[in-house]
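Both backbone and side-chain heavy atoms feed into the values below; hydrogens, waters and symmetry mates do not. So that the names make sense, note that chain A is the first sequence line, chain B the second, and so on, each numbered from 1.
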Number of protein chains: 2
Amino acid sequence: MGRGARGPSMHDVAALAHVSHQTVSRVLNGFEGIRPDTRQRVLDAIDELGYRRNLAARSLATGRTGVVGVIAPDNPTFGATSSLYAVEHALRDAGLQPLITATASRRSSIEAALEFLHGRSVEALVIMAPSRKVLEVHDSMGAEVPTAYLLTGEERGRWSVSVDQQGGADLVLEHLYAQGHRRIQHVRGPLDSIEAQLRADAYTRFMARHGLARLRMAEGDWSPQSGFEAYRRIDPTATAVFCANDQMAMGLIHAASDAGMKVPEDLSVVGFDDIPESAHMLPPLTTVKQDFRAVGMLAVALLEATLAGTEPPSTEPLEPELVLRSSVAPVGAAAR
Amino acid sequence: MGRGARGPSMHDVAALAHVSHQTVSRVLNGFEGIRPDTRQRVLDAIDELGYRRNLAARSLATGRTGVVGVIAPDNPTFGATSSLYAVEHALRDAGLQPLITATASRRSSIEAALEFLHGRSVEALVIMAPSRKVLEVHDSMGAEVPTAYLLTGEERGRWSVSVDQQGGADLVLEHLYAQGHRRIQHVRGPLDSIEAQLRADAYTRFMARHGLARLRMAEGDWSPQSGFEAYRRIDPTATAVFCANDQMAMGLIHAASDAGMKVPEDLSVVGFDDIPESAHMLPPLTTVKQDFRAVGMLAVALLEATLAGTEPPSTEPLEPELVLRSSVAPVGAAAR
DNA sequence: AAGGACGATGTTCACGGTAACATTCCTTGC
DNA sequence: GCAAGGAATGTTACCGTGAACATCGTCCTT
């Protein structure tokens, strides 16, 4: 093991520059009131020795770590990954250190991840909760640090940063309605997923609002494969399917095509997310675009302000955008 | 700022358990030769106070951090993301702390990421190099820590952990050849990508070995959109296209379909990676499956052994696997 | 010219652990 | 019954930094 090769310390720099270690510290921390020539001597010494300050010692002395824990879902979807990268980048820009852990939705896995993060003295958390269970575990562990929640709808009030799921669902559903569709089916995401629930609720409300019959939902797990399998459970009278994400829409279109159904002539299909592949499905998919990067950046801005004690930004849900492609046709198009 | 809320320290635990702080330390570090009742008193005290040890202090005293830096590509492809998650998980299992940074391929971005990691006193690095430039910058910064390289072929000898790209390319090319294809075109990945280069080289060698004419390569950037655009540059006499990844294959199939070409009857298409979507493209894509998770785990095992001074595992390239679906037909299938 | 104020820098201590060494306590053998 | 030795535990000295306070010199004021 013996890995003892410690680099130069502040004292080494101080000795070389003929100052005290405190002066070195002041230079590094940008204090004013250092004579220019002194500062230069110190900087030269730092450069010559290739000195880097020891963050362990620093954080021991200050009592701060600058570490922000990030809990990401274990199965990396396009959306979560995009937000994750935005969060990582924004945190580093803010001078904070992202500590990323992925967790499955098993309780033990979530606990291990949170335990790991708290053991690392995180000063804040970003929870990208795939499921409600993460929230439960987190609550039960007595969270003492500011926490931003992503992918949870508005569940956590002003700590939630999200895209308006209800609004997004309404966008596609209204589009289908305008094209004459009345028998619309929903393929929802996993039962324990908050976003899946929000989209499903939006579907339910939409159908009620327009006095339409709700068709029994099929459930998928976000994967293309589950969309493929969900096709078997589609109501034969349905003229359109609202899939809770683009991957499931892709699988569903595949299954429909295998069954001899043409999309969109025989069946219209819409998705949710606008993954890069959606523009190139056959047919290209009509869907709802969410700005995942913006969500990630907003979450970091929220935490940054909270840690600094300044006024936090508004966390109103972001508005998604309808992306029209070719997977929707007016109802009865095949007959023409 | 003033965030001073420090938790209980070892001394607090020691006082409560009526022992010295050193005994607490020994209990925590699993030393032998502690009387069971003493150990229990200490554990009870820890539990009662909710004590967590301060890692900053620990690493200051030991001179070790247990932090392993991970450099991930900025644009998260399926493969890179899968490996990344495997690496993250394996590192945590090994008691190490993954410190993940994403970097674009701009030199400045790479430098910033490496500077960040070294400033964090990483003890080892996992470099998932999207491009050769990362390697250059890394070399020029004088790396002093053990480093595992992913996604770089065998460029770095036994520090490289990879899937056999040449072998994978041969798998699909031989499949096309066996189906009678002789006019095979390649849509390669970005010029600065090492893996793209390896696949392109494999194509070149394959064609030479079989005495076939090389068709001029088109270049894409891994995205479906770039595959779509690459279709315009496909040789009209080509009967099959080997795309360097599945996403580009998807875009290309879309473009072919727009142009009235049927896949696979008029044109056979193969991809590389086997992303979850590939099974549900229209037609389902014949491709090469790489075990991204295994690659990530192997990289961590390599570093773990190196840090521990034990015998490192073999880093022979892993063998990929041909996945046969429906995007390839015998040449001339349309004529029948 | 003396005193004060302030700017620049130095000194000391604390942060919370671990390592090395010191001490105490018990057991064991004679 | 006592010495010896090992097991269990305590004491002390760091690790490298930042904060608080101390010091020194200089310039300004009166």
Side-chain angles (χ1 to χ4, degrees), chain A residues 1-43 45-46 49-67 95 118-121 123, chain B residues 1-43 45-46 49-67 95 118-121 123:
Chain A
M1 274 281 168
R3 182 162 312 279
R6 304 197 181 228
S9 77
M10 256 189 194
H11 290 91
D12 301 324
V13 175
L16 186 59
H18 302 292
V19 295
S20 73
H21 84 273
Q22 185 60 246
T23 300
V24 178
S25 170
R26 286 192 264 252
V27 168
L28 282 169
N29 291 319
F31 274 59
E32 294 172 14
I34 311 256
R35 248 184 324 204
D37 61 321
T38 308
R39 170 188 306 274
Q40 196 54 52
R41 277 211 315 283
V42 170
L43 292 176
I46 287 176
L49 293 175
Y51 166 78
R52 279 205 178 91
R53 76 172 134 196
N54 182 320
L55 285 177
R58 178 182 163 87
S59 95
L60 177 58
T62 59
R64 308 191 23 135
T65 60
V67 175
H118 281 127
R120 249 62 198 186
S121 310
E123 290 185 353
Chain B
M1 272 283 169
R3 181 160 315 277
R6 303 197 182 228
S9 78
M10 256 188 193
H11 290 89
D12 302 324
V13 175
L16 185 60
H18 301 293
V19 296
S20 73
H21 76 277
Q22 184 60 247
T23 299
V24 178
S25 169
R26 285 193 265 253
V27 168
L28 282 169
N29 291 319
F31 274 58
E32 295 173 12
I34 310 255
R35 249 186 323 207
D37 62 321
T38 309
R39 171 189 305 274
Q40 196 52 53
R41 278 211 317 282
V42 170
L43 291 177
I46 287 175
L49 294 175
Y51 167 78
R52 279 206 178 89
R53 79 172 129 196
N54 183 319
L55 284 177
R58 179 182 163 87
S59 95
L60 177 59
T62 60
R64 307 191 24 132
T65 59
V67 174
H118 281 128
R120 251 61 197 186
S121 309
E123 289 185 354

Mind calculating the distance between CG (B/L60) and P (D/dG16) to the nearest angstrom? 7 Å
Could you tell me whether a side-chain N or O of A/R41 sits under 3.5 Å from a main-chain N or O of A/A17, the two making a donor and an acceptor? yes
Counting side-chain heavy atoms from C-beta on, which of D/dT9, C/dT18, D/dG18 comes nearest to B/T23? D/dT9
Are OP1 or OP2 of C/dT9 and a side-chain N or O of A/S20 less than 4.0 angstrom apart? no
Reckon A/T38 has a side-chain N or O less than 4.0 Å from the OP1 or OP2 of C/dT9? yes
Can you check whether any acceptor in the base of D/dG18 is under 3.5 Å from a donor in the side chain of A/R53, or vice versa? no
Under 3.5 Å donor-acceptor, A/N29 side chain and A/S25 backbone: yes
Rounding to an integer number of Å, can you tell me how far A/F31 CZ sits from D/dC21 C1'? 14 Å
Between A/T62 and D/dA19, does any side-chain N or O lie under 4.0 Å from OP1 or OP2? no
Quick check: do A/I46 and A/L28 have side-chain heavy atoms less than 4.5 Å from each other? yes
When you measure from the side chain of A/T23 to the backbone N and O of A/V19, does any donor-acceptor pair fall under 3.5 Å? no
Using a 3.5 Å distance criterion without hydrogens, assess whether the side chain of A/E123 forms a donor-acceptor pair with backbone atoms of A/V67. no
Do A/R52 and D/dG16 have a side chain to base donor-acceptor pair shorter than 3.5 Å? no
Could you tell me how far apart B/D37 (CG) and D/dA8 (C1') are, to the nearest whole angstrom? 11 Å
First of A/L28 and B/R39 reached from the 5' end of DNA chain D, by closest nucleotide: B/R39
Taking OP1 and OP2 of C/dC15, is either one under 4.0 Å from a side-chain nitrogen or oxygen of B/N54? no
Just to be sure I understand the geometry, which residues of residues 8-19 of chain A put a non-hydrogen atom under 4.0 Å away from DNA chain D? A/S9, A/M10, A/H11
In this structure, how many angstroms lie between the P atom of C/dG16 and the CZ atom of A/R58, rounded? 17 Å
Please give me the minimum heavy-atom distance between B/R64 and B/S59, naming the atom from each residue. O-CB, 2.8 Å
A/R6 CZ to D/dG16 C1': how many Å, rounded? 8 Å
Can you tell me how far C1' of C/dT27 sits from CZ of B/R35, to the nearest Å? 13 Å
Looking only at atom types and distance, does a side-chain atom of A/T62 sit under 3.5 Å from a main-chain N or O of A/R58, one as donor and one as acceptor? yes
Touch check for B/S59, heavy atoms < 4.0 angstrom, all strands: base, sugar-phosphate only, or nothing? nothing
Tell me what A/L55 touches on the nucleic acid: a base, only sugar-phosphate, or nothing, going by heavy atoms under 4.0 Å. nothing
Using a cut-off of less than 4.0 Å, is there contact between a side-chain N or O of A/S25 and OP1 or OP2 of D/dA19? no
Rounded to the nearest angstrom, tell me the gap between atom CG in A/N29 and atom P in D/dT17. 11 Å
Quick one: closest heavy-atom pair of B/G119 and A/L55, and the distance? O-CD1, 3.3 Å
Round to the nearest Å and state the distance from A/Q22 atom CD to C/dC13 atom P. 15 Å
A/E32 vs A/H21, nearer the 5' end of DNA chain C by closest nucleotide: A/E32
